[in-house]
Each structure stands twice: as C-alpha cells, then as structure tokens.
Amino acid sequence: MGVHGGAGTGKTSLALAMAAVLAPFGVRTLYVTAEETAEDLTAKAQSLVPDELRRLSFFPSDLSEWITIQRLELGARVEAEHDMLTVIEREFERLSAALDVDIPVNADFPGPPKPWRAIVVLDGIHDLLLSADRGGATGTTGLLNRLREFILTCRDLKALVILTAGDDWAGSRAFDYLVDVAISLT
C-alpha cells in the first residue's frame, strides 16, 4: 500500500491505526521512519488505540508486544558509508531474515485466518529516495528496484508493506508502481 499526502494529512496516523486494529490478531508491526522520533510515534500509537480494543482480553497489554519503531538515521550513517543503498539494503536484509521464519500464519492466534503475519511501514520513503539521489551513481532507480524486491519478499512472507510519501515528491508515479493500492490523502 502506498500512502501519499502533504504534511499533517494523516499518513502516519493511518499506518499506526492499521497496526493497532490488527494487533489483537497477533499481527506485529515494524515501523521504520526517517522523519519522526520513536517517542513521538509511541505516543501517537498509544493515542490511536480505541478503548474498545484496549478492553479486549486478547489485546496486547504492552505497546512493545505489537509494534517496533525503528528510526533510520540518514545523516551520519550515510556519510560514513558513502552509499545510501547499502544502508537501506542492510535494513531490508535484517527485516527479511526476521520474517523468514517457518511459522504457520495462524500459529499464535486460534481463530479466523489473519491476512498478514506482520506489517512493515516505511514512513517518509521520499526522504530515503531523495537521500539515494544524493548517495551515488545508482540513485533512485537502484533503490526503487531494491524496494520492489523487498516488497515481493514481504508478500511471499505474508507481510503487508505500507509506504508513505509526501505529495510533493516528484517521483510519485514510480512510487505508485511499487504497490498494489495507492491512496492520496488531503
């Protein structure tokens, strides 16, 4: 899923709300951001959980049981490595390895089949792509190809990928081709 929108349109809130709604079904979320702090996202995630969900006996009592927030620092790490694609690829490899576990889709939740084992949110993907433009010869095209491969791997591993990007990102057409559903928020 791709979510476009200007600042303050609710891209982050939509992704966090989807994670909260699916948490009672054992769906864990990895939230990777290049924009917001983990503390801000934790507070926002807590505020988006409706009281009706909190009261369910099977809703995870601790936020860390259903969401992991990871801030991807683009500045110092990229300068040290001189290649944004290398940094992103390492993150994707670690995530793919974490998802590539032979667990039946419903092993931890005895009920109706869940649509995904996990949700992976790449929030502020436009920041990553702009960094790739500045990061080397392969630039955005190389990163888009790696993102496409990563999304296909996640699909095979039964994980939903949500990419968010600002409306003003000039590469949004290429971004839309990475996903099955593109949503524009205003």
Side-chain angles (χ1 to χ4, degrees), residues 1-23 25 27-38 40-41 44-45 47-50 66-72 74 84-85 87-96 98-100 105 113-135 138-186:
M1 174 186 294
V3 183
H4 295 273
T9 57
K11 302 178 299 288
T12 298
S13 295
L14 176 64
L16 289 172
M18 287 183 68
V21 168
L22 292 171
F25 302 101
V27 177
R28 292 190 43 93
T29 298
L30 173 63
Y31 200 102
V32 179
T33 182
E35 297 179 322
E36 298 191 48
T37 66
D40 288 344
L41 289 170
K44 189 178 279 193
S47 72
L48 289 170
V49 178
W66 59 274
I67 190 166
T68 301
I69 299 170
Q70 181 177 350
R71 173 133 172 119
L72 185 60
L74 299 178
M84 184 62 197
L85 293 176
V87 175
I88 299 297
E89 184 177 43
R90 278 195 203 122
E91 297 299 326
F92 288 170
E93 286 173 2
R94 286 188 335 158
L95 177 61
S96 293
L99 287 174
D100 194 14
V105 173
K114 30 183 196 183
W116 306 287
R117 290 177 44 203
I119 299 173
V120 178
V121 179
L122 301 177
D123 190 18
I125 197 73
H126 54 284
D127 287 339
L128 301 176
L129 293 169
L130 290 173
S131 292
D133 275 342
R134 295 185 297 266
T138 54
T140 302
T141 302
L143 183 56
L144 287 173
N145 287 334
R146 291 183 194 274
L147 279 171
R148 182 174 292 108
E149 291 172 21
F150 174 72
I151 290 167
L152 292 173
T153 299
C154 285
R155 183 178 291 162
D156 290 343
L157 298 172
K158 304 282 190 245
L160 168 67
V161 178
I162 301 173
L163 308 174
T164 72
D167 262 347
D168 56 346
W169 180 53
S172 63
R173 294 288 182 232
F175 172 83
D176 286 346
Y177 284 107
L178 292 174
V179 297
D180 294 324
V181 176
I183 298 171
S184 180
L185 301 176
T186 58

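Hydrogens, waters and symmetry mates are skipped; everything else that's a heavy atom, side chains included, is used.
A 4.5 Å side-chain heavy-atom check between Leu16 and Ile67 finds at least one atom pair inside the cut-off. Looking at heavy atoms from C-beta onward, Ile183 lies in side-chain contact with Met1 at the 4.5 angstrom threshold. Looking at heavy atoms from C-beta onward, Val121 lies out of side-chain contact with Leu30 at the 4.5 angstrom threshold. Contact of the Asp123 side chain with the Val32 side chain is not registered, since no non-hydrogen atoms from C-beta on lie closer than 4.5 Å. Within the 4.5 Å cutoff, side-chain heavy atoms of Lys44 are placed close to those of Glu36.
Neither side chain, Asp156 nor Thr153, offers a donor N or O lying under 3.5 Å from an acceptor on the other. A donor and an acceptor atom, one from each side chain of Thr37 and Arg71, are nowhere located under 3.5 Å apart.
Within the 3.5 Å criterion, the main-chain N or O of Val161 finds no donor-acceptor partner in the side chain of Arg155. A donor-acceptor contact shorter than 3.5 Å is absent between the side chain of Thr9 and the backbone of Thr186. One N or O on the side chain of Lys11 and one on the backbone of Gly5 form a donor-acceptor pair closer than 3.5 Å.
Shown are Ile162, Val120, Leu122, Thr12; of these, the side chain to side chain contact (heavy atoms under 4.5 Å, CB included) with Tyr31 is made only by Thr12.
In plain terms, the two heavy atoms of Ala19 and Ile119 that are nearest each other are CA-CD1, 3.9 Å. The two residues Ala20 and Val49 have their closest heavy-atom pair at CB-CG2, 3.9 Å.
If you take CG on Leu41 and OG1 on Thr33, they are separated by 5.5 Å, rounding to the nearest 0.5 Å.
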Steps toward side-chain contact (heavy atoms from CB on, under 4.5 Å) verdict (Leu185, His4): CA-CA 6 Å; Leu185 301 176; His4 295 273; over 6 Å; no
Taking it one step at a time, do Trp116 and Leu157 satisfy side-chain contact (heavy atoms from CB on, under 4.5 Å)? CA-CA 9 Å; Trp116 306 287; Leu157 298 172; over 6 Å; no
